[in-house]
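Since the structure comes first, as structure tokens, the remarks are kept for the end.
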Amino acid sequence: MTDAAKTNPDLADQLSKTYAPVEVEARRYAKWVADGRFAASDSSDRDPYAIVIPPPNVTGQLHLGHALDHTIIDSLVRRERMRGKEALFLPGTDHAGISTQNVVERQLADKEGVSRHDLGREAFVDKVWEWKDVYHERISNQMKKIGDGVDWSRERFTLDEGLSSAVQTMFKRMYDDGMIYRAERIINWCPRCMTALSDIEVEHQDDAGELVSMRYGEGEHSIVVATTRLETMLGDTAVAVHPDDERYAHLLGTTVEVPFTGRRIPIIADAHVDPEFGTGAVKVTPAHDPNDFAIGQRHDLEAILIMDERGVITAHGPFQGLDRFEARSAIAAALRAGGRIVAEKRPYMHAVGHCDRCDTTVEPRLSKQWFVKVERLAKSAGDAVRNGETKIHPPEMEKRYFSWVDNLLDWCISRQLWWGHRIPIWYGPNGEEICVGPGESAPEGYTQDPDVLDTWFSSGLWPFSTLGWPEQTPALEKFYPTATLVTGWDIIFFWVVRMMMFGTYAMGKAPFKEVFLHGLIRDKEGKKMSKSSGNGIDPLEVVDQYGADALRFMLARDAQPGADSTASIELAEISRNFCNKLWNGTRFALMSGATVEGELPAEPSLIDRWILSRLSHTIEAVDTHFEAYEFAKAMDALYHFAWDDVFDWYLELTKPVLAEGGQAADDTRRVLGHVFDQLLRLLHPVIPFVTEELWLTLTGGEERNESLTVAVWPTPAGADDEAERLVDALQHLVVEVRRFRSDQGVKPSQRVAARIGGLDAAGLADQERFIRVLVKLDVEAEGFAPTAELAVSDQVSVALDTSGTIDVAAERARLDKALKAAEKELAGTTAKLGNEAFLAKAPDNVVEKIRARKATAEADIARATAQLERLA
RNA sequence: GGGCGCUUAGCUCAGCGGUAGAGCACCUCGCUUACAACGAGGUGGUCACAGGUUCGAUCCCUGUAGCGCCCA
């Protein structure tokens, strides 16, 4: 067989000159799904490895944060699949009660001019389901485009039949356990969404409000209170002071009149009042403030609701019918006119709660709602982490987790919405209340509670409801608890804590062995990316422009545990370039006849030994970093191995071997094939498309219906220190000569005659021809007249005939610089070694290192000095 | 107000007791049939500031300043 026949031009011809992701990705993804590559089995004897998707909002679109999350999950799962696990990436979406209802209401108003009340509950919910189908398809397509290797046959939705049954089962179980109760409390109310919110759905922002001090009572019988919500005075039922506050002792037990209402309210003593804050007296509005409510409870005060669900004043009097903010100014004006305003501070910066979903200012409001008693649940959720059942990465995030679980208040779970899991409580005609489980029905004449449950109630069940709970399914048996939960740290309290609470409660086991919290994606100004601030990069645009692999590589390369990442479109371009480089490197290997057939050579050449050693190190690094969720480091190791070691050096070094042919060339072709085979495997979890395409071409696996998705993950074969040391020396030599050429202005293409001395001593005698190829040095011929001599190392020097004068100034400048650096190094090391304390206290290996550095510096100085003298 | 984190090359970030690193950007040269989405070479940093610990501090400790985030 001739060498020409061994090359593989046919295979290489299959590959275009640059990588074109669009066509490849669509084709590959469809085939993976058709071949069932992502389908996990409940019954295999492989060890399970499952990750459930953090369910995106079904009406939402994937943003970069999702793309990061999915890239990480998908990489983890794909790698474990290659490592022989029964790997499952379980997909699905949640119904996102408030935002979905909002979105559809808006659509209905815009397109059909109707409100949900016009339609009625049932018809409206039907409409939402229609919209849900449309949105659902959009988000599924997005996931396919970014390459999520999910088991589509297991896809779930929080409102599907099974999950709804799980929700109902859970509710009933907790209700029967006395862990769900109904009570009248101050809750966060959104007057726009017209529903209760839980504490965590409220975002506190510093707003420029006003702090108004007003006087209740007259003369000696007056007391001044300050408030930022003046309108709530209409519902005041007391003024409270600290019991030890002598300033007000004489007023205790007396009453003052609330203007506009004619109501007289008592001045009371309560130890929770801070005498240092403001005047030390506070107005008490039990129906509109959580602290005031607590005071009200202690003193048996009346709680008067002064506004309706829309935030419109209902209290009788001049302000009835005004919006709460209009009422605020109107009341201020009226009080001012009445001489009751003592001080006004405006603007007054203070934290104001806003609705997470619509940004409306939240109104604390007394309301009858359903609550989950969290004390016991939170304790077991915390304990699961404390006792190591679940490990949080990075560990610094534990603090944040504990600060949440250890300080949780009871969770308001009822929402005044139509879209969601309806609360399975039915009320009888005589005030009876029963909780109905799945398959049960309420007695005749009972009516169901109109409210629905917080979406997080259903997503809290996600890790087990998606696997079939409450049925004891084989899937649940096989995959619960799941391996890892991957999500952004900003969602730790919303979701992670909830799943931990429900998992420990319902299953007796925490839902995941590990939790990996990745950072958020920020823009160049460090702001969190969001649609509202318009700074978002659409991941799908990145896919269209650069390919899904580029998107994924960009995100993984920036994913440093504990740190947020900064995204910009340039990073996508860099990643695209890497994919293209990989494409062309593999193409070249194929053209060179790289093969995966047969055994690796028993006695590989030095450069083959070197690249195999580098490969082994790389596999170790990738494994280590993957296990620690250090994606940025894993990608860095692969990037540099691929680009520096393989493409820049190894491929160049193989060229002369391959050109010479013979057994050496055959051996190198085999090693070349092996290196690319392994490199593509290592890269596959993060950049699945381009690697699959290249690998199937390289191995010819397409005909055998093989796939990288199920190829075996590489294992390190061991390092070869001698080969690494020798190739290091070779590289040093090459770089020195290149630098000399560059400094001397020798054109890259120009060949130069040279004599290389001392290669024997350096152990590089066999490598001379490679060196000459890499730096375009011809062997010396007749009339060889060296014009410069380069002392590359202690052993090796290169005499070059630049056929003419050399640029003495340039060379001297270079040598001066080298000399200066070496002298500085010598001074530093000499000083250290002259320091008794250093010699006495520093560890031996450090002292040795400094001695070696000093010796090197001395040798460098000697060489540079000698060369400078020669130039003179 | 309480807590957490950050401050390293123009930019984005690694490193975290013993020679300051990467990618991008920048400068010079080069389209040498794998790749110009590329190759070769190069410039660039009192590691925020001030103290302390140590033989030695970008790294550990304390404080200051600036920035970010979470909670109230």
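In what follows, every chain begins at residue 1, and chains take the letters A, B, ... in the order their sequences are listed. Note that these values count all heavy atoms, side chains included, but never hydrogens, waters or copies made by symmetry.
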* Where do A:Asp644 and A:Tyr639 land on the side-chain hydrogen bond (donor to acceptor under 3.5 Å, both in side chains) test, with the steps shown first? -> CA-CA 8 Å; A:Asp644 299 350; A:Tyr639 184 92; over 6 Å; no

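- Separating the CZ atom of A:Arg400 from the C1' atom of B:G3 is a distance of 10 Å, rounded to the nearest angstrom.
- As a whole-Å value, the separation of A:Asn291 CG from B:A72 C1' is 10 Å.
- Salt bridge A:Asp860/A:Arg863: present, at least one basic N to carboxylate O contact under 4.0 Å.
- With rounding to whole Å, A:Leu658 atom CG is found 13 Å from B:A34 atom C1'.
- A close approach under 4.0 Å does occur between a side-chain nitrogen or oxygen of A:Lys399 and OP1 or OP2 of B:G5.
- Between B:C47 and B:U58, the two P atoms lie 7 Å apart (nearest whole Å).
- At B:C55, none of the side-chain N or O atoms of A:Lys832 fall inside 4.0 Å of OP1 or OP2 (strictly under the cut-off).
- Between the side chain of A:Glu630 and the base of B:A14, no donor-acceptor pair under 3.5 Å is found.
- Using a 4.0 Å cut-off between a side-chain N of Lys or Arg and a carboxylate O of Asp or Glu, A:Asp549 and A:Arg576 do not qualify as a salt bridge.
- No N or O donor and acceptor, one from the side chain of A:Arg738 and one from the base of B:A40, sit under 3.5 Å apart.
- Taking atom CG of A:Asn835 as the reference point, atom P of B:C55 lies 10 Å away to the nearest angstrom.
- Rounded to whole Å, the separation between the C1' atoms of B:A57 and B:G51 comes to 13 Å.
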